[in-house]
Amino acid sequence: EEYLKGLLKAGDEKKLIRLGLPVLDYLLQMKIAEAKKQGIKVQEQYEGGLPALDVDGITDWCALLGNLWDNALEGCARLKGGSWIRFSMRREGMAVAVKMENSCPPGVDAKHPVSGKADRHMHGIGLKNIDHVVNKYGGTVERECRDGIFVTRIVIILQEQKG
């Protein structure tokens, strides 16, 4: 909750509408700015945005997208230059498809990726957070790593908000 409040307070900067929800748009803006600051080339594409979400839905999407971007940033940080991230999110009806591709070092096991951080026992919860959110909504997540490209594909069918 404090994280979300901080994102809302920080919304004074230039706003770019990506998904149509201020907290999520700002989260994406910050992650993309962080990538560019690290010299990572970013391509992004959005189609359809997201419908209005309740607080739990916004929290879940923050966890999902934040961890997805953090993992991609970490994967890129392991390379010596030439890093890139391609992110796309498309909504058709109540189905949302998310695809994150990023450059990564060779030999990454997509089924069991390991944190590159020194204190590994304190990290690695990002994938679990992503999987938890996807499972909560009955979605699917697929990961693969091939030819120096790590790809995560997520599909979630959103439920109509009652209110």
Side-chain angles (χ1 to χ4, degrees), residues 1 3-4 7 18-21 23-35 38 40-79 83-117 119-161:
E1 189 174 321
Y3 179 72
L4 293 176
L7 285 174
R18 291 179 167 91
L19 301 176
L21 297 169
V23 172
L24 292 172
D25 287 345
Y26 189 74
L27 173 69
L28 290 168
Q29 179 179 323
M30 293 294 94
K31 296 300 180 182
I32 291 164
E34 185 178 335
Q38 294 178 25
I40 299 168
K41 183 180 175 185
V42 176
Q43 293 178 343
E44 53 182 319
Q45 180 179 359
Y46 305 89
E47 294 177 35
L50 286 175
L53 299 171
D54 60 17
V55 173
D56 286 341
I58 289 173
T59 302
D60 290 337
W61 279 93
C62 280
L64 180 109
L65 295 176
N67 283 289
L68 196 60
W69 273 91
D70 287 345
N71 290 345
L73 289 167
E74 182 183 337
C76 288
R78 294 184 191 181
L79 298 172
S83 304
W84 53 266
I85 293 173
R86 285 189 298 255
F87 177 79
S88 66
M89 195 163 162
R90 190 177 98 230
R91 176 177 156 217
E92 201 166 306
M94 294 306 282
V96 179
V98 178
K99 184 177 181 183
M100 174 68 85
E101 298 176 283
N102 59 276
S103 53
C104 69
V108 172
D109 180 358
K111 301 292 183 206
H112 305 92
V114 178
S115 176
K117 296 175 182 163
D119 54 346
R120 288 184 183 169
H121 68 282
M122 295 298 292
H123 297 280
I125 62 169
L127 292 175
K128 291 176 188 170
N129 287 338
I130 291 167
D131 292 347
H132 171 76
V133 172
V134 171
N135 290 333
K136 179 178 178 178
Y137 292 92
T140 61
V141 61
E142 299 173 359
R143 296 179 185 93
E144 69 176 309
C145 185
R146 190 175 341 142
D147 302 324
I149 303 171
F150 195 95
V151 181
T152 304
R153 291 180 195 85
I154 298 169
V155 176
I156 293 177
I157 307 298
L158 298 172
Q159 301 299 314
E160 295 284 343
Q161 294 290 310

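Basis for what follows: all heavy atoms, side chains included, without hydrogens, waters or symmetry-related copies. Owing to the predicted nature of the structure, the values given are computational and were not obtained by experimental measurement. Residues take their numbers from the sequence shown, with the count starting at 1.
- Between the side chain of Ser83 and the backbone N or O of Ile40, no donor-acceptor pair lies under 3.5 Å.
- Annotation: the span from Met100 atom CE to Leu65 atom CG amounts to 8.0 Å, rounded to 0.5 Å.
- Inter-residue side-chain proximity for Asn102 and Trp69 is flagged as unmet; no heavy-atom pair is nearer than 4.5 Å.
- For Leu21 against Pro51, the heavy-atom pair with the smallest separation is CD1-O, 3.7 Å.
- Residue pairs meeting the salt bridge (Lys or Arg N to Asp or Glu O under 4.0 Å) criterion with at least one member in residues 59-71, sequence neighbours excluded, are Lys31-Asp70, Asp60-Lys136.
- Under the side chain to side chain donor-acceptor pair (under 3.5 Å) criterion, Gln45 pairs with Glu47, not counting sequence neighbours.
- By the 4.5 Å heavy-atom criterion applied to side chains, Trp61 and Leu27 are not counted as neighbours.
- Between Leu64 and Tyr137, every side-chain heavy-atom pair lies at or beyond the 4.5 Å cut-off.
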Chi angles and distances behind the side-chain contact (heavy atoms from CB on, under 4.5 Å) call for Ile85, Leu73: CA-CA 8 Å; Ile85 293 173; Leu73 289 167; 4.0 Å; yes

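- Residues forming a ring pair (Phe, Tyr, Trp, His ring centres under 6.0 Å) with Tyr46 (at least two apart in sequence, or on another chain): Phe87.
- Counting heavy atoms from C-beta on, the side chains of Asn71 and Arg143 never come closer than 4.5 Å.
- Rounding to the nearest 0.5 Å places CG of Asp54 at 8.5 Å from OG1 of Thr59.
- Side chains of Cys104 and Ile149 form no contact here, defined as non-hydrogen atoms less than 4.5 Å apart.
- Not counting sequence neighbours, the partners of Arg86 by the side chain to side chain donor-acceptor pair (under 3.5 Å) test are Glu101.
- Scanning all heavy atoms of the two residues, the minimum distance from Cys62 to Val23 falls at SG-CG1, 3.6 Å.
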Go through it in stages, so that I can follow the logic: the residues are Met30 and Glu34, the test is side-chain contact (heavy atoms from CB on, under 4.5 Å), and I'd like the CA-CA distance, side-chain angles, deciding distance and then a yes or no. CA-CA 6 Å; Met30 293 294 94; Glu34 185 178 335; over 6 Å; no

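- Residues satisfying the side chain to side chain donor-acceptor pair (under 3.5 Å) criterion with Lys41, sequence neighbours excluded, are absent altogether.
- The nearest pair of heavy atoms linking Ala95 to Ile157 is CB-CD1, 3.5 Å.
- The line from NZ of Lys99 to CD1 of Ile154 is 12.5 Å long, rounded to the nearest 0.5 Å.
- When every heavy atom of Arg18 is checked against every heavy atom of Glu44, the shortest pair comes out as NE-OE1, 2.7 Å.
- Proximity of Leu19 to Arg91: side-chain heavy atoms (C-beta onward) are nowhere separated by under 4.5 Å.
- Met89 places none of its side-chain heavy atoms less than 4.5 Å from the side chain of Leu28.
- Here the side chains of Val141 and Asn135 are not in contact, with every heavy-atom distance at 4.5 Å or above.
- Every residue two or more places apart in sequence or in another chain was checked for a side chain to side chain donor-acceptor pair (under 3.5 Å) with Arg90, and none qualifies.
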